[in-house]
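All remarks here apply to the structure that follows.
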2 protein chains.
Amino acid sequence: MTAEPALTPGERLPLSRERVLRTAVAIADEDGIEAVTMRRVGDELGAEAMSLYHHVANKNDLLDGVVDLVAEEINDVVDGLDTSGPWQPVVRARILAARQVLLRHRWAPGLLATRSTLSPNVVTYHDRLVGLLHSGGFTYDLAHHALHALGSRALGFSQELFDPGAGASAGPLPAELAAAVPSLVAMLSEVAHDDPDSTLGWCDDQTEFEFGLDLLLDGLDRRRTLS
Amino acid sequence: MTAEPALTPGERLPLSRERVLRTAVAIADEDGIEAVTMRRVGDELGAEAMSLYHHVANKNDLLDGVVDLVAEEINDVVDGLDTSGPWQPVVRARILAARQVLLRHRWAPGLLATRSTLSPNVVTYHDRLVGLLHSGGFTYDLAHHALHALGSRALGFSQELFDPGAGASAGPLPAELAAAVPSLVAMLSEVAHDDPDSTLGWCDDQTEFEFGLDLLLDGLDRRRTLS
DNA sequence: ACCTGAACACCGTTCAAGT
DNA sequence: ACCTGAACACCGTTCAAGT
């Protein structure tokens with residue numbers, strides 16, 4: 001994708017940490033994160049798996065680098081946003097922009113969640129967010145609570161454990177299962193009735209994300225004006 | 001732990017799906033979820049890894065079963081709670097009780113997040129939650145939004161991508177890194193000053209969980225009274 | 001029917017050897 | 001210095017064979 005210096009046939013670009021990480025991201029985008037193996041990354045670069053170890057310490061380090069690369073992409077996007085005006089629409093727009101980047105890398109949220117060592121670019125992202133909150137009237141104490149309350153939502157995603165819509169799109173439930181979860185059945189039928197268009201996947205992820213986000217941002221603003 | 005029929009020495013309890021799953025939970029509690037391999041579970045039961053395949057379809061099925069077992073433990077606990085009175089303290093107590101169960105299985109949240117097939121007991125848990133919300137005055141539409149807004153918090157945990165306290169407990173930051181994240185440094189120093197006792201791990205997970213939970217529950221109650 | 005041993009395909013990774 | 005081939009330890013899983 002990026003321009004490369006011309007090479008005589010048979011010649012190969014030297015490996016580098018950067019190329020290794022970008023290749024890993026490309027593989028994950030194409031075939032999912034589980035397709036990212038040392039052998040596959042090597043193959044894709046025309047090298048042996050073992051050659052990668054000169055540029056990343058091990059697979060864990062590679063995945064840390066991949067996460068950091070995605071976070072860098074997020075920072076590049078959100079750094080260009082307008083930060084003037086009241087804090088709430090500014091923070092809201094920032095988080096929704098981060099979300100757009102993650103939607104280009106569907107595997108990223110799951111990977112983010114498993115990393116133990118923290119990515120410098122993820123830290124930087126949160127630093128800027130705290131800056132916006134503070135200059136928007138938050139005490140640092142409230143900004144701190146806000147980071148925890150937002151959790152992964154600060155970066156634009158929320159881990160859904162249970163998608164109520166999964167059952168709906170799979171058609172009517174077996175009678176015995178329906179009897180076991182009467183409230184969900186009642187909820188499903190009413191919501192489906194309200195919105196008959198969305199027959200499949202009637203939970204709109206974006207709408208639900210924004211609902212939850214606004215719930216939190218509204219609540220935080222209320223606490224801000226109380227302090 | 002549970003009473004077993006007496007066996008003559010050398011005799012062995014027959015395997016069963018239940019015993020396989022309970023053994024897997026015990027291993028995860030002891031040594032973490034990554035220690036749960038087919039070979040290890042077999043060993044622990046005095047059987048070969050391959051024998052497990054007569055009771056679980058494959059490792060994925062085993063992990064699904066493990067998740068469902070934990071969710072069953074949660075349901076057993078929350079079903080005993082008092083549900084009289086206003087919805088908010090009832091739901092709050094229910095979620096915090098679920099959280100207590102998950103704190104006994106630290107690996108469970110991470111596993112929950114990776115499962116694609118949904119556990120019957122997780123579905124049941126959410127069914128009861130919707131029931132409480134509805135009888136507490138929620139429309140089914142709002143209850144539906146509430147499930148998405150709560151996300152993993154409904155079950156008592158929140159995936160933290162970034163623990164601001166991790167840096168604090170690791171001692172003072174290197175100067176160049178501190179300069180790169182000025183807002184976090186300012187936040188850290190102010191919050192640490194407010195609460196000088198908690199020198200290590202100054203983010204109280206339980207306090208932060210409850211702060212975020214109450215933010216959401218308060219917001220939901222406000223929308224409830226508006227509708 | 002339930003369980004087993006050997007084997008297979010696939011990992012991440014080590015290491016000595018090449019250039 | 002960077003890269004490689006063979007090898008090792010560990011997975012999940014298949015399969016034919018035992019009882």
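Throughout, protein chains are lettered first and strands after them, A, B, ... in sequence-line order, and every chain is numbered starting at 1. Quantities reported herein were computed from a predicted structural model and do not represent experimental measurements.
Residue A:L45 contributes atom CG, which lies 16 Å from atom P of D:dC2 at whole-angstrom precision. Atom CG of B:L15 is separated from atom P of C:dT4 by 7 Å (rounded to the nearest Å). Following rounding to the nearest Å, A:R39 (CZ) and D:dA6 (P) show an atom-to-atom distance of 13 Å. Following rounding to the nearest Å, B:L52 (CG) and C:dG5 (P) show an atom-to-atom distance of 14 Å. Rounded to whole Å, the distance from CG on B:D43 to P on C:dT4 is 11 Å. Counting to the nearest Å, the P atom of D:dA1 and the NE2 atom of A:H55 are 13 Å from each other. Across the protein-nucleic acid pair, B:M38 atom CE and C:dC8 atom P stand 20 Å apart, rounded to whole Å. The distance between atom CG of A:L63 and atom P of C:dG12, rounded to the nearest whole Å, is 9 Å.
The pair A:D61-A:R17 meets the salt-bridge criterion, with a side-chain N (NZ, NE, NH1 or NH2) lying under 4.0 Å from an Asp/Glu carboxylate O. Salt-bridge annotation for A:D29 and A:R104: absent, with no side-chain N of the basic residue lying under 4.0 Å from a carboxylate O of the acidic one.
Counting distance only, with no hydrogens placed and no angle test, the side-chain atoms of A:H54 and the base atoms of D:dC3 include a donor-acceptor pair under 3.5 Å.
D:dA6 is paired with C:dT14 under the criterion used here, namely a Watson-Crick or G-U wobble arrangement in which both key atom distances are under 3.5 Å.
Residue A:Y53 has no polar side-chain atom (N or O) positioned under 4.0 Å from OP1 or OP2 of C:dT14. Residue B:S51 places at least one side-chain N or O under 4.0 Å from the OP1 or OP2 atom of C:dT4.
Out of C:dG12, D:dC3, D:dT4, the shortest distance to the side chain of A:T37 is found at C:dG12. The A:N58 side chain lies nearest to C:dT13 when the options are C:dT13, C:dC3, D:dG12. Checked against C:dG5, D:dG5, C:dC3, the side chain of A:M50 finds its nearest nucleotide in D:dG5. For B:E48, whose side chain is taken as the heavy atoms from C-beta onward, the closest listed nucleotide among C:dG5, C:dC11, D:dG12 is C:dG5.
The environment of A:R106 atom CZ is sparse: at most 12 non-hydrogen atoms of other residues, nucleotides or ligands sit within 6.0 angstrom.
Although no hydrogens or angles enter the test, the distance criterion places no donor-acceptor pair under 3.5 Å between the side chain of A:N121 and the main chain of A:N75.
Here OG1 of A:T23 is found 11.5 Å from CG of A:D43. Values are rounded to the nearest 0.5 Å.
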